[in-house]
Amino acid sequence: MEQAKIIKTAIRIRDLVFRRGRNTILDGISMDIQQGSIVAFMGPSGVGKTTILRLISGQLKPDEGTIEVNGQMVSRMSDRELHRFRRNIGVLLQDGALFTDLTVFENIATPLREHTDLPEPLLRRLVMSKLNAVGLGGIEDLMPHELSGGMARRVAFARAVVLDPGIMLYDEPMTGLDPIAVSTIRTLMRETNDALGLTSIVVTHNVTQMSQLVDYCYIMASAKIAGEGPPQELNSSTEPGVNQFMNGKMEGPIPFHYQTPGTPWGLLD
Amino acid sequence: MATLGHYTSKLTGPVAQSGQCLLFLMRMISSIRFSAAQVRSVLQQIYLIGARSLVIVMICGFFVGMVLSLQAINALEQFGASDQVSLLVVKSLFRELGPVLTALLFAGRAGTSVTAEIGLMKATNQIEAMELMAIDPIQIIALPRFIASLISLPLLTAMFNALAILGSVVFSIGVMDMDAGIFWSKLQTGIYFYKDFVGGMWKSLVFGGLVGLVAVFFGYTAKPTGAGVGTATTNTVVLSSVLILVFDFIMTSFFT
Ligand SMILES: Nc1ncnc2c1ncn2[C@@H]1O[C@H](COP(=O)(O)OP(=O)(O)OP(=O)(O)O)[C@@H](O)[C@H]1O
Ligand SMILES: [Mg+2]
């Protein structure tokens, strides 16, 4: 049975280069992400994980290389095509970005109201079921500023998945959550992914959390992919950068400090 | 070369920005849908930015009416023409002071809050989140505020005028003991509905569009930082006030 499943590439990235001014943030990245899989992007802070997500969602344009999602070239879409394309992707931004003037309920209902004509009772049931799924049934009338950081994140999660998109991009969905919420969200991600055949990309720092969730992992360092593979393989990898990151070591090829051109006049070098 | 570039960018900056602003206006207009949801959010914005400016507009209107009457009586008395006070006061109100003063108040009260609100939404990534949900923030956020300002300002101006007339009545008839019959009959014969009142309303419609456009544009293009939103808010007041006075002169000189 497993063999019979057709393996389809949902996201294909080729030789992606992205620069900000003189800084090359991403330098020749290629990857194929399979339909139906959950993939993790890991790597040190500032390496460009959020940037890749923004490139995939079409908010940024690559300087070189191509990004194809379900056969469509994201980097060449017009505004209108981009608009249509984005109905099919769900994005959880790093800071949640809830609409501060709307209640929790209306926050989650917004994508439904914009893109569907569901009758009110059905819409209500759908929103409540998503809210219950993230373990927050009963807070629908609160305003975003009345939530804790972790609660806000879970509401943002519910809002991102409410339209059941084909592709989910999560930017650090677990940060600031307690262990119970983490496993709730993790189970939820896995279940929605498998039930609906989604493709998910998760940006994360947390190595152990991810090994339990994802199918495949990309580790980024210094603008490139330092290592990739299923989490079990990466755990036992001997590749220096990968090994350093997975085991959280100070010494190794990945620098802890932001790359600076050095002190002026080289006084402290 | 660098200084030359500096000066050309100083010159082209405002030109480019005006161009962007007009493009922004066209994008707003092209996203008009007349859907129930859109009408609802326009009504909501009329309440938020229009109705909430009502009290300050009414208070100012009342006092402007009083002080205008005071000055007019002082001046007209020298020619023994103080019975013309209502005519002078109301004509200047309908044609100039009502539309201009209300628009200036509106820019300070509503324009700033619109810019700050949209700027803050941008700084907290809410605008980005909308774009990612394939929701057009120009349609959902900018357009209703622009239209609400277009509709609210003429109504506020009418309210300002009404309260200013009341202020004039209180001062001229109540304090200065003018004859009420003369006060009203001068108005009846000397004020023309289309030329005086409707002319002023047209002006305030244009001012409403100006303030609305400037406020949403600056909010939308604000730098997503605290200081950026602060600057954008200040720019809204300064630029709308200047534009109001410039357009007032242009319209007055063309249409009279
Ligand atoms: N708007 C911007 N303008 C200029 N540089 C930026 C901008 N946004 C990000 N960068 C730079 O791009 C690089 C990658 O940023 P990115 O946000 O993708 O990192 P990240 O891997 O998501 O980090 P983290 O794990 O801390 O979220 C950083 O060096 C950052 O300084
Ligand atoms: Mg990030």
Side-chain angles (χ1 to χ4, degrees), chain A residues 50 53-60 74 77 79-102 106-117 120 123 144-145 152-153 155-171, chain B residues 20 23-24 26-33 35-49 52 110 113-145 148 216 219-220 222 224-226 229:
Chain A
T50 302
L53 293 193
R54 289 210 161 110
L55 285 157
I56 295 176
S57 63
Q59 289 166 278
L60 298 174
V74 180
M77 284 183 185
D79 278 356
R80 173 163 295 173
E81 287 168 326
L82 210 51
H83 187 81
R84 200 169 319 129
F85 163 71
R86 283 182 182 155
R87 289 185 189 197
N88 191 36
I89 59 175
V91 183
L92 178 61
L93 291 175
Q94 198 157 3
D95 56 3
L98 293 178
F99 303 136
T100 43
D101 297 336
L102 301 179
E106 284 303 324
N107 257 286
I108 304 176
T110 299
L112 292 170
R113 289 199 199 288
E114 281 300 314
H115 297 311
T116 67
D117 287 320
E120 195 63 28
L123 183 136
H145 69 263
R153 197 154 266 285
V155 172
F157 184 94
R159 186 180 68 177
V161 297
V162 75
L163 276 177
D164 294 332
I167 290 177
M168 280 295 315
L169 309 176
Y170 304 99
D171 202 344
Chain B
Q20 281 171 1
L23 270 178
F24 190 84
M26 299 208 305
R27 278 192 62 190
M28 277 201 291
I29 291 171
S30 68
S31 65
I32 296 178
R33 293 285 177 278
S35 63
Q38 215 166 44
V39 172
R40 205 173 326 118
S41 65
V42 167
L43 290 178
Q44 192 186 8
Q45 287 305 321
I46 290 180
Y47 170 72
L48 288 176
I49 68 181
R52 285 191 184 169
S113 75
V114 165
T115 305
E117 188 190 8
I118 299 181
L120 197 71
M121 287 179 130
K122 203 177 166 200
T124 51
N125 295 337
Q126 296 178 52
I127 301 280
E128 182 189 357
M130 280 182 203
E131 281 169 355
L132 284 171
M133 288 176 198
I135 298 174
D136 182 7
I138 291 190
Q139 183 177 37
I140 297 293
I141 301 297
L143 181 68
R145 286 164 177 77
V216 291
Y220 207 80
T225 60
V229 177

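Side chains are part of it too, since the values below use all heavy atoms of this structure and drop only hydrogens, waters and symmetry mates.
- By a heavy-atom distance cut of under 4.5 Å, A:His83, A:Arg86, A:Arg87 are the residues of residues 79-88 of chain A near chain B, going up by number.
- Between the A:Glu114 side chain and the B:Ala134 main chain, no donor and acceptor come within less than 3.5 Å of each other.
- For A:Arg113, no part lies near chain B; criterion is any non-hydrogen pair under 4.5 Å.
- Of all heavy-atom pairs between A:Phe99 and B:Met133, the closest is CZ-CE, 4.0 Å.
- The shortest heavy-atom contact between A:Asp101 and B:Met121 is OD2-CE, 4.3 Å.
- A pairwise comparison of heavy atoms in B:Thr124 and A:Ala97 identifies O-CB, 3.8 Å as the closest pair.
- Within the 4.5 angstrom heavy-atom criterion, only side-chain atoms of B:Glu117, from C-beta onward, approach chain A.
- In this structure, chain A has no heavy atom under 4.5 Å from any part of B:Leu120.
- Looking at B:Asn125 and A:Gln94, their side chains never come closer than 4.5 Å, going by heavy atoms from C-beta outward.
- The distance from the CD atom of B:Gln126 to the CG atom of A:Asn107 is 8.0 Å, given to the nearest 0.5 Å.
- The greatest number of non-hydrogen atom pairs below 4.5 Å with chain B, out of A:Leu98, A:Ile89, A:Leu163, is found for A:Leu98.
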